[in-house]
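Side chains are part of it too, since the values below use all heavy atoms of this structure and drop only hydrogens, waters and symmetry mates. Naming: A, B, ... by sequence-line order, numbering from 1 per chain. Keep in mind the model is a prediction, meaning the values are calculated, not measured.
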Amino acid sequence: MRIGYPCINRSLSCSSNKTFRLKSYSEEYLKQTVRGNLECLLKILKFNLAHSIFFFRITSDLVPFASHPINTFDWQEFFRSDFELIGDFILKNRMRISMHPDQFTLINSIREEIFERSRLELKYHAEVLDLMNLDFSAKVQIHVGGAYSDKPKSLERFVKRFGDLESSIRRRIVIENDDKLYDAGDCLKINAETRIPVLFDVFHHRLCNKTQLSDDYFERLVQTWDSSKDGLPMVDYSSQKPGGLAMQHADRLDLEDFDMFLKSTERFDFDVMLEIKDKEKSALKAIEWLANEKRFRAFLEA
DNA sequence: CTTAGTCAAGGGGTA
DNA sequence: TACCCCTTGACTAAG
């Protein structure tokens, strides 16, 4: 079991998700921004290593406007050696990487042009991981998408469109249950047709299903990951902000709730992404909590 | 310097 | 059809 956090490290003064407005686009500004983002990414990974954090989500803003038509710059070639250097660091230290394109990436959209834009956005994400020479346990996680007032049809459209993607994208994609439309059961249906691994989001499950997570159910999700190529299952964990609205993520890790989740999934090993506002602080807290946990120790001692 | 409005991109829900 | 919500940090123009 690895513990991770997404995109931003608040203890360091740099950011790897610096971007700018479309209006101020220039090739020079892009180069300068990407260079800074890559430098910071390596700093974050070094921080993580020093603190036994072996799982990290790389921001989608690493290369601003990467899939936008305005960007005709060959950033892949220009930064090739920088990507390789970061990839070497990740591989050498047995780190795990994920990426999560945002809500505009919808491969099941009714509109063909939105699918096409989403395809380019996914291509960008897959390229980042390819340029780092990471194996296929580094994943790009997306949601199923919209319902378009016909959920079964929209689910089928996802399957069809997934088949239309190039294999360099397909081998990276995992699907995540969302908070109100497509639950993990829907993701399992898609898995049955496509073999796409299902990334389980604990918090979304609570919001969408309002039921207790059963051992059998969790086992079926875990089994969608082919350990020989996909690596351990990935799980997103968060809890609700106390006193906040239903969908708000907590500001800091609720150890009691986290521990309950760990106990209920004791039989399984997986990597946990903590989607919590205070980022690396929660990861450090979780790691401290897990110091004597069997699954966590197993990774450190391997 | 501080603050409030805005940013490439979608979709769901309500009235 | 119009409008608000989701959620997010940070850019950027205005004060």
Whole angstroms only, please: what is the CD1-C1' distance between A/I276 and C/dT8?
17 Å
Centroid-centroid under 6.0 Å between A/Y5 and A/F55 rings:
no
P atoms of C/dC4 and B/dG5, separation to the nearest Å:
14 Å
On DNA chain C, compare the nucleotides closest to A/Q103 and A/S15; which residue's is nearer the 5' end?
A/Q103
Taking the six-membered ring where the residue is Trp, are the ring centres of A/H205 and A/Y217 under 6.0 Å apart?
yes
Rounding to an integer number of Å, can you tell me how far A/D61 CG sits from B/dA9 P?
14 Å
Closest-nucleotide 5' rank along DNA chain C - winner of A/D179 and A/F20
A/D179
Taking the same atom, P, in C/dT7 and in B/dA4, what whole-Å distance lies between them?
22 Å
Relative to the ring of A/H143, is the ring of A/H204 parallel (under 30°), tilted (30 to 60°) or perpendicular (over 60°)?
tilted
Counting just side-chain N and O atoms, does A/S24 come under 4.0 Å of either OP1 or OP2 of C/dT12?
yes
Strictly distance-based, threshold 3.5 Å: is any side-chain N or O of A/K229 a donor or acceptor partner for the main-chain N or O of A/D226?
no
Distance between the P atoms of B/dT6 and C/dC3, in whole angstroms?
15 Å
Select base, sugar-phosphate, or nothing to describe what A/S109 touches, counting heavy atoms under 4.0 Å on all strands.
sugar-phosphate
Can you tell me the base-pairing partner of B/dG13? Count Watson-Crick or G-U wobble geometry only, both distances below 3.5 Å, and say none if there is no partner.
C/dC3
Take atom OH of A/Y25 and atom P of C/dC11, then tell me their distance rounded to the nearest Å.
17 Å
Taking the ring of A/F200 and the ring of A/Y237, is the distance between their centroids below 6.0 Å?
no
May I ask you to evaluate whether A/R117 reaches the phosphate of B/dG10, defined as a side-chain N or O under 4.0 Å from OP1 or OP2?
yes
Take A/D186 and A/N177 through the side-chain contact (heavy atoms from CB on, under 4.5 Å) test and state the conclusion after the steps.
CA-CA 8 Å; A/D186 294 318; A/N177 55 305; over 6 Å; no
Ranking B/dA8, B/dA9, C/dA10 by distance to the side chain of A/D102, first place goes to B/dA9
Could you check which of B/dG11, B/dA9, B/dA8 has an atom nearest any side-chain atom of A/R111?
B/dG11
Mate of C/dT8 across any strand shown (Watson-Crick or G-U wobble, both atom pairs under 3.5 Å) is none
Could you check which nucleotide pairs with B/dA8 in any of the strands shown, counting Watson-Crick or G-U wobble with both distances under 3.5 Å?
none
Determine the Euclidean distance between corresponding C1' atoms of C/dC11 and B/dG10; express it in Å to zero decimal places.
22 Å
Does the side chain of A/K18 get closer than 4.0 angstrom to OP1 or OP2 of C/dA10 through an N or O atom?
no
Checking all strands, does A/Y29 fall into the base, sugar-phosphate, or nothing category for heavy-atom contacts under 4.0 angstrom?
sugar-phosphate
Give a yes/no answer on whether the side chain of A/K277 brings an N or O atom under 4.0 Å of OP1 or OP2 in C/dT8.
yes
A/S154 and A/Y182: which non-hydrogen atoms are nearest, and at how many Å?
CB-OH, 3.3 Å
A/L22 side chain, from C-beta outward: closest of C/dC6, B/dG11, B/dA8
B/dA8
With the criterion being N/O to N/O and under 3.5 Å, what pairs connect the protein with nucleotides 12-15 of chain B, and how long is each?
residue : atom : partner : partner atom : Å
B/dG12  : OP1  : A/A147  : N            : 2.4
B/dG12  : OP1  : A/Y148  : N            : 3.2

Is any side-chain nitrogen or oxygen of A/R10 closer than 4.0 Å to OP1 or OP2 of C/dG9?
yes
Determine the interatomic distance between P on C/dT8 and the same-named atom on B/dC1; round to the nearest Å.
29 Å
Under 4.0 angstrom, heavy atoms only, what part of the nucleic acid is A/I114 near: base, sugar-phosphate, or nothing?
sugar-phosphate
Taking all heavy atoms of A/E121 and all of A/S67, pick out the closest pair and write down the distance.
OE1-OG, 2.6 Å
What class does the angle between the rings of A/F270 and A/F218 fall in, given that below 30° is parallel, 30 to 60° is tilted and above 60° is perpendicular?
perpendicular
Could you tell me how far C/dA10 sits from B/dG11 if I compare only their P atoms? Round to whole Å.
27 Å
Distance test, side-chain N/O of A/T19 to OP1/OP2 of C/dG9, below 4.0 Å:
no
